[in-house]
Amino acid sequence: MSKRFSGELGMKETEIASGPPSHRHANRVVPNIAKYKVGVPPKQSLFEEFKSTVKETFFPDEPLRSFRDQSKSRKFVMGLEAVFPILSWGRDYNLTKFKGDLIAGLTIASLCIPQDIGYAKLARLPAENGLYSSFVPPLVYAFMGSSRDIAIGPVAVVSLLLGGMLENEIDPEKNKTEFLGLAFTATFFAGVTQIVLGFFRLGFVIEFLSHAAIVGFMGGAAVTIALQQLKGLLGIKDFTKKSDIVSVMRSVWSSVHHGWNWQTILIGISFLCFMLLAKFIAKKNKKLFWVSAISPLISVVLSTFFVYVTHANKHGVAIVNHINKGVSPPSINEIYFTGDYLAKGFRIGVVCGMVALTEAIAIGRTFASIRDYRLDGNKEMVALGTMNIVGSMTSCYVATGSFSRSAVNFMAGCHTAVSNIVMSCVVLLTLELITPLFKYTPNAILASIIICAVIGLIDIEAVILIWRVDKSDFIACMGAFFGVVFISVEIGLLIAVAISFAKILLQVTRPRTAVLGKLPWTNVYRNIQQYPEATRVPGILIVRVDSAIYFSNSNYIKERILRWLIDEEEFNKEKNQPKIQHLIVEMSPVTDIDTSGIHALEELYRALEKKEIQLILANPGPVVIGKLHDSKFADVIGEDNIFPSVADAVQAPDPKTEEL
């Protein structure tokens, strides 16, 4: 270890001891350090305290800062621009940007059309509803969204989740009208949920689902979706409605001798290999991203032509059949605003809306970080919610940001959300002119497209990194994964949320504490486990609490400090060290304390008093010291036993250290 320290161990807090090296000692205290009392912040009124708390909770980014000192007309224009960002960036739009957006829009349109048909089947909805969902919602988002890169439309995970939850309530084969109405109702309430979260600035709610849980949930959903596609890929007619891996594999193998269709398998596997090869080429050479983007459409065109020419549909190859032609019809009359299905639609909508929101915000922030621009999560929620409410009234189901399409959109050179408008126009032309041509599209191709798309949701590298960094995160990841794969998507999501909350509760109720020692030739005190060369101060135990002290952890912190004391006393007894006379609690990381925490400190003080050990507090923050004074605990412990730093606290109780 170097004899001089800088940086984190820098001299703002401490100074290097001077004098000949032979006189330096690990416990040497630099003389003439100025003595300061811990400052007590001015007392705030109840209203001021409440106002400050609300501001930091809901408005940490000060969204209205730019409105200050502006005229009323300017504020009105800025308000419109805040709701409709297109009014802001549209002023600087030019032909160069349009060329990039046009190419990007055409590229993602070629990808979204076959995907939408497949995802609609995944949601147990007619194929045209998938196409509608890439027509209306992207138009709304283009005017209200703040991301330049997100491509809007149906996604695999939300489609699977929505379809599964709807099917648990209504049989889509026997009650098609009610099933469709419930889908629109769920979409409506998904939008309402998203708008409410955004308008009331509750976006932090979705952050309770940890990254590890999301990785596991997405991976499990990808496996489940891929397994579901075995029905179309193998040409199986009698297939289980359950989504767990055991039921699916039992259904697959029980029909191996009489239910598989070799023509379907040939078509499906051939084009799946073609799309995977295209994906591999695009991954190896980023400039060839369009190869992967256009491969699904090429597969649809070629397979449809092949089936039409060979009449393979007469030999057991299942095809899409009819897709309704034309613009999406109004569906507001089909939404259940009353009756038994209202509550069911609300419940399904909230769940799907939250999942869709989590995916879209994660995608938006990823690309915003790459392009170095700021994405307002709350505005995004309002935009996503509005487009889903409008979508529910125009025969669409839940739409959100698609990672695969957004990645293609980004690589194709999009500049603004105009690429979504271009995509929407292409989908409109498809609905008006081309949908009859999809009649002979084999279901096996749709299954292949979905399998190829969801493979990217399985992030092996992220799982390995989670294992290396945090084992508890890995447990959360695997819990969500196995919950989805072996039980259901809904249960897997519930497990992901439960494990995320359990981890938060564990960290809050069992915070870390550490014994500190003095780094040689400095007045810096650090964790003795992290810095083995740090030495204990004779007669003094220094403990750092690495968390706020609340009712949920106050008793644990008190008991843990007393256990540290017992361990230290046993250690001193073995080493013939002086008896502990002072216990210093380093409170720099303690950002807050409640009445239970103060009560725990009082109990700790009394327990130490019986042992003739003085309790000393070092560097309590402004909130903590204010509450210690309000509760009179500062008077109980004594003002002389509260110090601005551990170094000051060490000097005061043991003057002998200056003689070392």
Side-chain angles (χ1 to χ4, degrees), residues 110-132 159 163 167 171-177 179-180 225-241 248-278 294-326 430-453:
S110 67
L111 176 64
C112 85
I113 291 169
Q115 281 188 349
D116 290 345
I117 297 172
Y119 291 159
K121 286 191 172 293
L122 199 60
R124 282 76 163 174
L125 296 169
E128 58 267 19
N129 292 107
L131 293 171
Y132 297 157
S159 298
E167 197 171 35
D171 189 329
E173 300 297 329
K174 296 179 181 178
N175 302 289
K176 291 183 179 180
T177 305
F179 186 87
L180 201 57
I225 291 168
L227 289 173
Q228 291 280 310
Q229 302 316 303
L230 292 177
K231 175 184 178 181
L233 194 67
L234 303 176
I236 301 173
K237 294 181 180 179
D238 186 15
F239 200 74
T240 181
K241 292 184 178 180
V248 171
M249 295 313 297
R250 184 186 294 120
S251 182
V252 169
W253 292 114
S254 63
S255 59
V256 65
H257 295 297
H258 57 84
W260 292 17
N261 181 274
W262 71 265
Q263 294 97 329
T264 301
I265 295 172
L266 179 63
I267 294 171
I269 297 297
S270 299
F271 283 101
L272 176 60
C273 292
F274 165 69
M275 285 184 283
L276 290 175
L277 177 62
I294 204 171
S295 62
L297 187 59
I298 292 174
S299 300
V300 168
V301 172
L302 292 179
S303 61
T304 302
F305 179 74
F306 174 78
V307 171
Y308 177 76
V309 171
T310 62
H311 302 288
N313 56 306
K314 296 180 180 179
H315 299 281
V317 176
I319 58 175
V320 172
N321 283 318
H322 179 68
I323 298 179
N324 286 335
K325 183 180 177 181
T430 302
L431 286 166
E432 289 286 1
L433 304 173
I434 307 175
T435 47
L437 301 179
F438 290 117
K439 177 180 179 180
Y440 290 98
T441 300
N443 288 338
I445 284 299
L446 302 180
S448 300
I449 290 171
I450 292 174
I451 291 172
C452 187

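Counting begins at 1 with the first residue of the sequence. The structure presented is a predicted model; accordingly, all values stated were derived computationally and were not measured.
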- Quick check: does any side chain N or O of Ser270 sit under 3.5 Å from a backbone N or O of Ile267, one acting as donor and the other as acceptor? no

- Item | Heavy-atom side-chain proximity of Thr435 to Glu128 below 4.5 angstrom | no

- Message: Students often mix this up, so state it plainly: with edges at 30° and 60°, are the rings of His311 and Tyr308 parallel, tilted or perpendicular?
- Response: tilted

- Message: Do Asn261 and Leu234 have side chains that approach each other closer than 4.5 Å (heavy atoms only, starting at C-beta)?
- Response: no

- Query: Heavy-atom distance under 4.5 Å between the side chains of Asp171 and Lys241, does that happen here?
  - Reply: yes

- Message: I'd like to know if the side chain of Thr304 reaches the main chain of Phe438, judged simply by a donor and an acceptor atom lying under 3.5 Å from each other, with no hydrogens or angles considered.
- Response: no

- Message: So which atom in Ser110 and which in Leu297 form the shortest heavy-atom distance, rounded to 0.1 Å?
- Response: O-CB, 3.4 Å

- Task: Mind listing the closest non-hydrogen atom pair of Tyr440 and Asn313 along with its distance?
- Result: CE2-ND2, 4.1 Å

- Query: Between Met249 and Leu227, is any pair of side-chain heavy atoms under 4.5 Å apart?
  - Reply: yes

- Would you call Leu302 and Phe274 a side-chain contact if the rule is heavy atoms closer than 4.5 Å? no

- Would you give the length of the straight line joining atom CG of Leu272 to atom CG of Leu277, rounded to the nearest 0.5 angstrom? 11.0 Å

- For Thr310 and His315, which heavy atoms make the closest approach, and how far apart are they? O-CD2, 4.4 Å

- Is Phe239 atom CZ crowded by more than 12 heavy atoms from other residues, nucleotides or ligands, each under 6.0 Å away? yes

- Message: Restricting to non-hydrogen atoms, name the atom on Leu230 and the atom on Ile236 that form the minimum distance, rounded to 0.1 Å.
- Response: O-CD1, 4.2 Å

- Query: So, for Gly326 and Tyr132, which heavy atoms are closest and what is the spacing to 0.1 Å?
  - Reply: O-CE2, 3.7 Å

- Taking the side chain from Ser251 and the backbone from Thr240, do they hold a donor-acceptor pair closer than 3.5 Å? yes

- Are Ile117 and Val300 side-chain neighbours, meaning at least one heavy-atom pair lies under 4.5 Å? no

- Message: Any heavy-atom pair between the side chains of Val248 and Lys231 that's under 4.5 Å?
- Response: no

- Evaluate the side-chain contact (heavy atoms from CB on, under 4.5 Å) criterion for residues Leu122 and Gln229: first the C-alpha distance (whole Å), next the side-chain angles of each, then the deciding distance (0.1 Å), finally the verdict. CA-CA 9 Å; Leu122 199 60; Gln229 302 316 303; 3.1 Å; yes

- Message: As an exercise, state the distance from CZ of Phe271 to OG of Ser303, rounded to the nearest 0.5 Å.
- Response: 5.0 Å

- Taking only residues two or more places apart in sequence, or in another chain, which ones meet Trp260 in a ring-ring contact (aromatic ring centres under 6.0 Å, His included)? Trp253

- Excluding sequence neighbours, so at least two apart, what forms salt bridge (charged side-chain N to carboxylate O under 4.0 Å, His left out) with Glu167? Arg124

- Item | Spatial distance of atom CG (Leu131) from atom SG (Cys112) [nearest 0.5 Å] | 7.5 Å

- Item | Interatomic distance, Glu432 atom CD to Lys325 atom NZ [nearest 0.5 angstrom] | 7.0 Å

- Query: Tell me, do Leu125 and Phe179 make a side-chain contact under 4.5 Å, heavy atoms counted?
  - Reply: yes

- Message: My understanding is that only one of Ile451, Thr264, Asn443, Ile265 makes a side-chain contact (heavy atoms from CB on, under 4.5 Å) with Leu233; could you say which?
- Response: Ile451

- Item | Asn129 CG to Lys121 NZ distance, which is reported to the nearest 0.5 Å | 11.5 Å

- Query: What are the two closest non-hydrogen atoms of Pro126 and Ala120, and how far apart are they?
  - Reply: O-CB, 3.4 Å

